[in-house]
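Read the structure below first, then the notes.
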Amino acid sequence: MCGIFGYVGPRSPAAICLAGLKNLEYRGYDSSGIAGIQEGKLLWCKASGKIHSLEQALEKKLFEVELAIAHTRWATHGKPSEHNAHPHFDADHKIAVVHNGIIENHLALKEMLRKEGVSFYSETDSEVIAKLISHFYKGDLLAATQKALSLMRGFWGMAVIHKDHPGKIIAAARENPIAIGMNLQRMEAFVSSDVHAFHERDLDILFLRNDEIAIVTPGHVQVFDHASLPIEKTTERLLFDEERGSKETYSHYMLKEIHEQPQTIQKAFHNRLIPDFGTAEFENLTLSSADLLSVKRIIILACGTSWHAGLIAASLLEDKARIPTVAEIASEFRYKNPIISEDTLVIAISQSGETLDTIAAVREVKAKGAKVLGICNVRHSTLTREADSTLFLRAGPEISVCSTKAFTSQLTTLSLFTLLMARLRHMSKEEGQAFIQEVEALPNIVESILQRKETIKALAQKYAHYECFFFLGRHYMFPASLEGALKLKEISYINAQGYPAGEMKHGPNALIDPSLVVIGMCGNLRTLDKMLSNLMEVKARLGKIIALAPHDTEGLEEIADDILLLPSICDELASIPYSIVCQLFAYYIALERGTDIDQPRNLAKSVTVE
Ligand code: AGP
């Protein structure tokens, strides 16, 4: 996953591309680069590390160019280095290419070109694109690029320039997003992996679909399909959500976003609850009650944290709405040849709306005729264009790679969707009203947990030197345990596992000794006794135990080394407050260990490669 950006127009292409890259850093930040044309010469600059290093390198150069393309990288092929950073070039440095995606047959293409005497300087797959275009170039950059694309397998969002074509950027897409923005008055045009990277809010915008290619010139764009036939594309002026905010007084976006949750949870259910009827409604839901009533099976598709929210939603939809539901890991699902019938609803959950594994799985089920409901936090993202209908999280931009507020907004939104589906079926109005009261109590419960962050901080400092953690839970608390472990893994680089508590005796108990810390997630009353017995088994083997449990739980002192008692809440919603404790715990352990909390190593906020 990477981010690409391009600009052609009267303003400073270098400055505009740098600003665009900063809005794309969530897609990768291990190296970056830019290339442009100046009086028939190709200029370029690359740097390893974050975009700031590219900015510093550019300050030392006179980089006055007529147009530019730029790239921020998340390494797939070839280690993060200035050498492997984009743009990549042909042997004569006439052509520059920036690429997001993977060229799956790059080895075969390199072999073919090597036989023609072409050599390669990087370990990347992307370099082959520049070499291939150069191989076919006879003066027409579009034709040479189309010829190159016809031989490539894999997926791409890419931009190409040639020193002999100072007013032209070629952009192409397959599976990966490319947005193009134009302003005729200012005679300028932009290309990007993400429409949100454009700073201007007065652009006419279009998105390239699979196998489309475009010639982008100042204020104008021509689009062609895979058969090189020109196609008319409608442009739109987009309304954007609130802008990417600052960290305010917080030292990290993660801590700020953790503290936003009383408000973001509130926003997720604002104007969506109908207490009088004990149900919920959604402003954007284009599926009718008849459509929703005809649903006999639900498949949830997602990755990472969103999959954990999907697992909890699957239990909710089965328990409350009595609809058979499975939560599938999208990267596995698409190679399963799934059984889809007309009464199957697919729910695709993605904070960014750009996770390629999830998008590819959505395209797979759509090809089989399924209706797709998106749960997303980013307007105009690819998922919102693929899904039949989308429910928005309204959580505002989530900057920290480690997802926090989006997770609890996903759980809130999915709980409301469950309420709607259940009320359309067997759930009584009174039961619905009782559930609504629990939902409405969430912001205050979360606020009370944030007020205890110093207690959680002290706990984290006490355990920060341990190298192995198990988060154990049952029923709704099992996916919450997976999520707790993922947070700790992501930002503190500690080996942490989430596990169903009842499964420990079937193997992992062998790992228990005084160097292992177990976080007992005891938030579900229905399984509390069983959880306490499982923790007793850990204690018997000298594991360290931190127990998170409802405030009136008895007998914990005999079991746990440390106890955190939380306000009571129904089992169905308990994963929200318990996960926030885990978010803070992971944050303070990472702080103690001095890792890069907002941009952890080897990760990116949106995963646009498979
Ligand atoms: C969560 O902290 C991670 N950043 C990651 O697991 C993430 O949830 C996953 O990549 C899915 O992202 P999405 O919700 O944007 O699709």
Side-chain angles (χ1 to χ4, degrees), residues 1 3 24-29 74 176-177 193-194 196 252-255 257-258 261 300-313 327-334 346-363 372 374-384 386-387 390-393 395-411 413-414 471 479-480 482-493 496 498 579-580 582-587 590 595-610:
M1 56 231 147
L24 291 168
E25 211 163 12
Y26 71 91
R27 302 169 72 96
Y29 37 80
W74 185 88
N176 273 9
S193 305
D194 179 353
H196 296 88
H252 295 94
Y253 276 108
M254 183 180 178
L255 191 62
E257 288 157 5
I258 289 174
Q261 292 178 100
I300 298 177
L301 299 174
C303 302
T305 286
S306 295
W307 178 60
H308 298 152
L311 283 170
I312 292 169
E328 299 268 4
I329 294 176
S331 54
E332 282 301 307
F333 178 81
R334 64 171 306 212
V346 171
I347 299 179
I349 311 173
S350 174
Q351 185 284 132
S352 62
E354 298 293 351
T355 301
L356 190 58
D357 287 323
T358 306
I359 301 292
V362 163
R363 288 177 176 150
V372 176
I375 309 284
C376 189
N377 194 36
V378 179
R379 289 184 187 284
H380 317 305
S381 59
T382 304
L383 176 61
T384 62
E386 296 287 340
T390 300
L391 306 181
F392 289 99
L393 301 182
E398 187 176 66
I399 309 299
S400 174
V401 168
C402 196
S403 183
T404 54
K405 62 177 183 174
F407 178 62
T408 52
S409 292
Q410 285 166 344
L411 293 176
T413 305
L414 288 158
F471 290 71
L482 291 172
E483 179 59 10
L486 180 63
K487 299 297 98 167
L488 196 55
K489 278 194 273 257
E490 280 188 278
I491 58 172
S492 69
Y493 315 153
S579 296
I580 294 173
C582 297
Q583 294 166 0
L584 285 166
F585 185 71
Y587 175 82
T595 56
D596 190 335
I597 290 172
D598 276 344
Q599 291 187 323
R601 69 184 184 196
N602 302 340
L603 295 180
K605 182 66 184 167
S606 178
V607 186
T608 57
V609 293
E610 279 188 64

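Starting from 1, each residue takes its place in the sequence as its number. One-based numbering, in listed order, for ligands and for the atoms of each.
Using a 4.5 Å heavy-atom cutoff, the side chains of T382 and T384 are not in contact. The shortest side-chain heavy-atom distance between Y29 and L603 falls under the 4.5 Å cut-off.
Put simply, the side chain of N377 gets close to the backbone of A395: a donor and an acceptor are under 3.5 Å apart. In terms of modelled atom types and a separation under 3.5 Å, the side chain of N176 and the main chain of T608 share a donor-acceptor contact.
Ligand-side atoms of ligand 1 in range of S403: 1 (C), 2 (O), range being under 4.0 angstrom from any heavy atom. Atoms of ligand 1 lying under 4.0 Å from any heavy atom of S350, numbered from 1 in the order shown and given with element: 13 (P), 14 (O), 15 (O), 16 (O). If you number the atoms of ligand 1 from 1 as listed, the ones under 4.0 Å from a heavy atom of Q351 come out as 13 (P), 14 (O), 15 (O), 16 (O). Counting atoms of ligand 1 from 1 in the listed order, those under 4.0 Å from a heavy atom of S306 are 8 (O), 13 (P), 14 (O). Distances below 4.0 Å separate heavy atoms of C402 from the following atoms of ligand 1: 2 (O).
Here the protein heavy atom with the shortest distance to atom 3 (C) of ligand 1 is E490 OE2, 3.2 Å. The single protein non-hydrogen atom nearest to atom 4 (N) of ligand 1 is V401 O, 2.8 Å, given as residue, atom name and distance. Among protein heavy atoms, atom 12 (O) of ligand 1 sits closest to T355 OG1, 3.4 Å. What sits closest to atom 10 (O) of ligand 1 on the protein, heavy atoms only, is V607 CG2, 3.7 Å. In terms of protein heavy atoms, atom 11 (C) of ligand 1 is closest to C303 O, 3.4 Å. The nearest heavy-atom contact from the protein to atom 15 (O) of ligand 1 is S352 OG, 2.7 Å.
Contacts of T305 with ligand 1, taken as heavy-atom pairs under 4.0 Å, involve both backbone and side chain. The proximity of K487 to ligand 1, defined as any non-hydrogen pair under 4.0 Å, is limited to the side chain.
For Q261 and T408, the side-chain atoms include at least one donor-acceptor pair closer than 3.5 Å. Defined by atom type and a distance below 3.5 Å, a donor-acceptor pair is present between the side-chain atoms of E398 and S403. A donor atom on one side chain and an acceptor atom on the other are found under 3.5 Å apart for E483 and T305.
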Output, in order, the C-alpha distance, side-chain angles, deciding distance and verdict of side chain to side chain contact (heavy atoms under 4.5 Å, CB included) for C582 and K487.
CA-CA 7 Å; C582 297; K487 299 297 98 167; 5.5 Å; no

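Between D598 atom CG and I491 atom CD1 the span is 9.0 Å, to the nearest 0.5 Å.
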